[in-house]
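Only heavy atoms go into these numbers, but all of them, side chains included; no hydrogens, no water, no symmetry mates. Every number for a ligand or one of its atoms is a count from 1 in the order of the listing.
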Amino acid sequence: MFIDAETLDNQTTFTSDIAVVGAGPAGIVLALELANAGYEVVLIESGGLHFSAAIQNLGEASHFDPQFHAPMSECTRRQLGGTSTIWGGRCLPYDPVDFDRRSYIPNSDWPIGYEEIAGYFQRACDYFLCGKSEFKIENIPNIAQKSIVPGLPDAEVLTSTLERWSLPTNFGKEYFNDLKQSEKIKLLYNLTCTEIETSEQNDQVELLAAKTLGGKTIRVKCQKYVLAGGALNTTRLLLASDRRHPGGIGNQSGLLGRFYMGHLSGDIAVVHFTTPPQDTVFGFDRDPDKIYLRRRFSFTREFLHEQQLPNIVAWLGSPKFGDPAHQNAILSSAYLALSTPVLKNFLTSTAMRKAAIGKEGQGIYWAHVMNVLKDFKQAITFVPRFGYGRYIAKRKIPALFVYSAANEYPLHYHSEQVPNPDSRISLSNDQDELGMRRLNIDIQFAQQDIDGVLKAHRYWDQYLRNHNCGYLKYVTDDPEASVWEQAGDGFHQVGTTRMSEHPKDGVVGNNCNVHGLDNLFVASSSIFVTSGQANSTFTIVAFALRLADHLKKIIEEKV
Ligand SMILES: Cc1cc2nc3c(=O)[nH]c(=O)nc-3n(C[C@H](O)[C@H](O)[C@H](O)COP(=O)(O)OP(=O)(O)OC[C@H]3O[C@@H](n4cnc5c(N)ncnc54)[C@H](O)[C@@H]3O)c2cc1C
């Protein structure tokens, strides 16, 4: 059942078995899993069924450095489906190395191992609609060419590991009917949870207080409570619930809000292959289920340990569309489409547009027109085909890649950011329209992050040369400065309620339970101890499934 909270009487109280705060991928999966097991779920969503700028504004931070972090309005979405309404849809799990003890990366110790989560990958794939839980090219039967270019074997560097793409699956749209038709789920939308209230003894959550923009206050009382508001908003709610818990709920360690991480991504080099250009696998493969797959350059687990590298991958990219120097009619057509007022907002989100085009500006507009005119035939045949695949087909082409006759491709890196207690979020004194204190975001990158990216490029270059397949060409005179310049995130929010065995070392325990409270849980990448090379959402959903199983078990045991 869907209920617009603005239509409720002020001071209404809902009771249920389980409350879930946030209806993004994590909250929706949890709600469906628990409802299917027979439990009553109240799902509280700050946003509505569609986008509203006034509600989105509730999540805006008070302070952040735009050099290192995107505005919350670009990197989160407050509506049914959460940020999956604007995401890219790239799906891949964390790697075993992300859970390894790595003495060369301080504070990277998870209290649980990879095997605790690997069993949930296929169920996660099912929710994402991204096919089989298979992330190695050798196990994909219909793909004949297993190496990225002929003669390049898997060694300390691998080119056989894969990432998969979902539709991209908008969880609000895809699971709309399941949520609406469930007799067990009450979705309260346009309702923002503003405070977690605990018992006299402070060992139990007693209720959630929530508000609407129209001025209603609603209460939700349940046996168990799960926070699934996305990493930063989940932590914000814990920090803001500080009436009886100085520094916020779950902050015995003083670590609530700390170890905020994302990924380092960017380009400092191009790969020049010396193999036949037509044999280079760039862009996407498709598996027998037509799921889009992409290969990357990664490292073996052993090599990462030996060389003391953070986890990092890179893939063959396209030149940024915005720079007309590429002289490519297809890329210039894409640039012109993505720069056209009105059309640009329809085609993609602000964040994705910025990532694809790089530079945007009036001065270079005509240079793009000239590129298109020079190879008009190519542009005119490409646009309808790509347009259909990207915007009309149910399973969308994830991105635009173009063949390089010179056999040269930008190498786009995506790296782990090492855990750093000084990289953090905290509450400001600035309040949103509901009276909730807004966040100050202070994400900090470290020299170890930058060195990891530089070192990885040296090993990729060496590997290509050792196998006589090519080499890297740096596109900047100062790669180190360039990695620093490109360091910045906000789209993949990791950490701030880190998992730990003992309350003194973190915020949640091994079962995502907030330390010190026996009925409060977190379903979010905020619990992650490391950021890995992988985007977070696939692993978020795997953890949500694990938490759903845990909740079913402990509720059954009680009965
Ligand atoms: C442009 C872009 C591209 C991305 N691409 C990828 C990608 O390709 N692959 C990938 O893995 N990840 C990607 N991500 C990240 C991905 O979108 C997130 O990791 C994912 O959506 C997180 O899911 P979640 O359920 O934890 O949180 P969210 O999706 O953020 O959902 C949280 C929900 O909780 C609600 N909420 C928050 N606070 C409250 C409150 N106090 N009360 C009630 N409700 C609340 C919000 O309104 C929201 O609906 C991308 C993100 C962006 C912005």
Side-chain angles (χ1 to χ4, degrees), residues 5 19-31 42-49 51-52 55-56 58-59 70-94 124 128 130 163-166 168-172 187-196 208-212 218 220 226-238 240-241 262-263 294 348-356 398-399 414 432 434 436 439 489-494 522-528 532 534-541 543-544:
V20 178
V21 179
I28 288 176
V29 167
L30 257 163
V42 170
L43 179 57
I44 306 167
E45 170 51 48
S46 174
L49 304 183
F51 179 75
S52 143
I55 287 178
Q56 185 66 36
L58 294 173
M72 289 290 275
S73 55
E74 282 183 24
C75 58
T76 57
R77 258 305 153 100
R78 288 200 175 211
Q79 70 182 85
L80 177 62
T83 312
S84 77
T85 54
I86 55 165
W87 75 319
R90 186 148 70 100
C91 294
L92 70 163
Y94 265 34
F128 285 102
C130 69
E163 41 200 40
R164 302 184 149 259
W165 257 268
S166 60
T169 309
N170 169 342
F171 279 63
L187 170 70
L188 307 181
Y189 62 92
N190 289 329
L191 186 64
T192 303
C193 183
T194 48
E195 191 173 355
I196 305 162
L208 299 178
K211 292 183 184 169
T212 71
I218 308 294
V220 177
V226 183
L227 307 182
L232 296 199
N233 280 308
T234 290
T235 305
R236 179 182 175 197
L237 181 56
L238 287 165
S241 302
H263 291 113
R294 185 166 63 192
T348 193
S349 66
T350 310
M352 304 288 268
R353 186 175 64 249
K354 282 186 184 168
H414 203 259
D432 69 15
L434 300 178
M436 238 184 136
L439 286 177
D489 204 346
F491 302 99
H492 304 148
Q493 303 177 352
V494 178
V522 175
S524 163
S525 45
S526 62
I527 66 159
F528 296 178
N535 302 21
S536 356
T537 318
F538 189 88
T539 308
I540 293 173
V541 166
F543 267 103

Please work out which of the three classes, parallel, tilted or perpendicular, describes the rings of Phe528 and Phe543, given edges at 30° and 60°.
tilted
Donor-acceptor contacts, no H, no angles, side chain residues 226-234, under 3.5 Å, sequence neighbours left out:
unit_1: Asn233; atom_1: OD1; unit_2: Arg78; atom_2: NH2; d: 2.9
unit_1: Thr234; atom_1: OG1; unit_2: Gly229; atom_2: N; d: 2.9
unit_1: Thr234; atom_1: OG1; unit_2: Gly230; atom_2: O; d: 2.8

Under 6.0 Å between the ring centres of Phe128 and Trp87? yes
* Just checking, Arg77 and Phe51: is the charged tip under 6.0 Å from the six-membered ring centre and within 45° of the axis? -> yes
Quick one: do the Ser46 and Thr192 side chains pair a donor with an acceptor below 3.5 Å? yes
Those residues with a heavy-atom separation under 4.0 Å from ligand 1 are Val21, Gly22, Ala23, Gly24, Pro25, Ala26, Ile44, Glu45, Ser46, Glu74, Cys75, Arg77, Arg78, Gln79, Gly82, Thr83, Ser84, Ile86, Trp87, Gly88, Gly89, Arg90, Leu191, Thr192, Cys193, Ala228, Gly229, Gly230, Asn233, Ala351, Met352, Phe491, His492, Asn535, Ser536, Thr537, Ile540
Here the pair of heavy atoms bringing Cys91 nearest to Phe538 is CB-CD1, 3.9 Å
